[in-house]
Amino acid sequence: MNRRPARRRIAVAATATATAVLAAGALAVGAGAAGADSRGKGDKHAKPVTKAQVLGLFDRWNAALQTGDPKKVADLYAKDAVLLPTVSNQVRTDRAGILDYFEHFLQNKPVGTKVESVVNVLDRDTVIDTGVYEFSLTDHGTGEKSTVKARYTYAYEKQPNGTWLIVNHHSSKMPQG
C-alpha cells in the first residue's frame, strides 16, 4: 500500500461528499487495524517511533534553519509536501515554492523554540507533531528583534530509505486575544 496516493485521496475526499469522506476514513482505519505496513515491506518487527524521536525531527529542522541555507531546510520536505507558512499568505505545494519561502524567511535569522508539543504516532511510518512554538526574528533591514508565537502542525512520513520527511507543515500566528 502506498501512503502518498491514500493521502491525496483523503485530501480530495475532504472536499467531496460526506459519503466519500466516510469511505476513505473506513479504509484507512481498516488498514491500520489490520497492521498493514504502509511501505509494503512486511517488516512487522520494526521498532515503533518514539515521542523523543519525533520531537527530534523539529530539532533537525530548527538546526537546518540555523545554517541560513534554504536548500538544507527544503531538503527536509517531501517533494510533494504542503507548507502553509507563518509569515506568508501563499500556500507552498512544491520544492520551488518551499525554497522561495525559506529564501525570504531565513533573512530574518529565525530561531525556533517549542512551547508545547503533542505527538501522535499514526503508524510506524507516519507521525504528527502539533503544538505552539516561538520564533526569535531579526529584521534584516533594521536589525530590530521580535518574537512571533505560532501554532504549528508537522506531518512526517518515513521514507523507504528510513529518512523522515515533512509532508505537511502548517504554521500560523497565534490570534490576538
Side-chain angles (χ1 to χ4, degrees), residues 1-17 20-21 24-25 27-28 31 37-41 49 53-112 114 117-135 137 139-140 148-174:
M1 177 179 208
N2 185 341
R3 299 232 4 119
R4 298 212 191 287
R7 183 165 35 100
R8 288 193 184 113
R9 283 195 305 273
I10 291 169
V12 169
T15 59
T17 66
V21 171
L27 176 63
D37 185 342
S38 66
R39 295 290 171 243
K41 293 185 228 172
V49 64
Q53 289 170 316
V54 175
L55 294 174
L57 296 172
F58 172 81
D59 296 336
R60 179 183 72 164
W61 180 82
N62 199 29
L65 291 180
Q66 304 314 299
T67 69
D69 183 347
K71 290 179 184 174
K72 288 186 190 245
V73 180
D75 286 346
L76 300 177
Y77 290 78
K79 69 177 184 172
D80 60 345
V82 175
L83 170 62
L84 299 169
T86 314
V87 294
S88 171
N89 293 330
Q90 184 179 352
V91 177
R92 313 302 172 121
T93 59
D94 59 21
R95 181 173 173 83
I98 292 169
L99 194 57
D100 176 69
Y101 174 73
F102 285 109
E103 284 172 352
H104 295 90
F105 184 62
L106 292 179
Q107 292 177 5
N108 295 315
K109 299 180 180 157
V111 177
K114 281 192 176 177
S117 291
V118 178
V119 171
N120 295 100
V121 177
L122 302 181
D123 61 38
R124 70 178 143 252
D125 296 322
T126 314
V127 297
I128 298 173
D129 179 7
T130 303
V132 177
Y133 51 24
E134 292 180 339
F135 280 96
L137 304 173
D139 185 281
H140 64 278
V148 174
K149 192 171 189 178
R151 299 172 285 197
Y152 72 85
T153 300
Y154 292 92
Y156 298 94
E157 281 187 349
K158 190 174 187 182
Q159 304 304 298
N161 67 2
T163 302
W164 288 91
L165 292 180
I166 300 164
V167 295
N168 192 301
H169 177 189
H170 172 236
S171 181
S172 58
K173 291 180 187 176
M174 294 294 276

Q: Looking at K72, I'd like to know if its NZ atom is crowded, meaning that more than 12 non-hydrogen atoms belonging to other residues, nucleotides or ligands lie closer than 6.0 Å.
A: no
Q: What distance separates K109 NZ from L65 CG, expressed to the nearest 0.5 Å?
A: 14.0 Å
Q: Measure across D125 and D123 and return the closest heavy-atom pair with its distance rounded to 0.1 Å.
A: N-OD1, 2.7 Å
Q: Are Y77 and L83 side-chain neighbours, meaning at least one heavy-atom pair lies under 4.5 Å?
A: yes
Q: Taking the side chain as everything from C-beta on, heavy atoms only, tell me whether W164 gets closer than 4.5 Å to V127.
A: yes
Q: Search all heavy atoms of A74 against all heavy atoms of L99 and return the closest pair with its distance.
A: CB-CD1, 4.0 Å
Q: Can you pull out every salt bridge (Lys or Arg N to Asp or Glu O under 4.0 Å) where at least one residue sits in residues 84-104? Sequence neighbours excluded, please.
A: D75-R95, R92-D100
Q: Is the closest side-chain heavy-atom distance between T86 and K173 below 4.5 Å?
A: yes
Q: Between atom CG of L84 and atom CG of N168, what is the distance when rounded to the nearest 0.5 Å?
A: 6.5 Å
Q: To check you understand the geometry: which heavy-atom pair defines the closest contact between P110 and L137, and what is its length?
A: CB-CD2, 3.6 Å
Q: Do L55 and K114 make a side-chain contact, defined as non-hydrogen atoms from C-beta onward lying under 4.5 Å apart?
A: yes
Q: Quick one: which of V119, I166, T153, N120 gives a side-chain contact (heavy atoms from CB on, under 4.5 Å) with D129?
A: V119
Q: Report the residues that fulfil ring pair (Phe, Tyr, Trp, His ring centres under 6.0 Å) with Y101, sequence neighbours left out, ordered by chain and then residue number.
A: F105
Q: Rounded to the nearest 0.5 Å, what separation is found between the CZ atom of R60 and the OH atom of Y156?
A: 7.0 Å
Q: Could you pull out the closest heavy-atom pair between A78 and V167, with the gap in Å?
A: CB-CG1, 3.9 Å
Q: In the structure I gave you, are the side-chain heavy atoms of K158 and T126 within less than 4.5 Å of one another anywhere?
A: no
Q: Considering all heavy atoms of both residues, which atom of N62 and which atom of V111 are nearest to each other, and what is their separation?
A: OD1-C, 4.1 Å
Q: How far does CG of L106 sit from OG1 of T67, to the nearest 0.5 angstrom?
A: 7.0 Å
Q: Below 30° counts as parallel, above 60° as perpendicular, anything between as tilted: where do the rings of Y133 and W61 land?
A: parallel
Q: Hey, what's the ring geometry for Y152 with F58, parallel, tilted or perpendicular (30° and 60° as the breaks)?
A: parallel
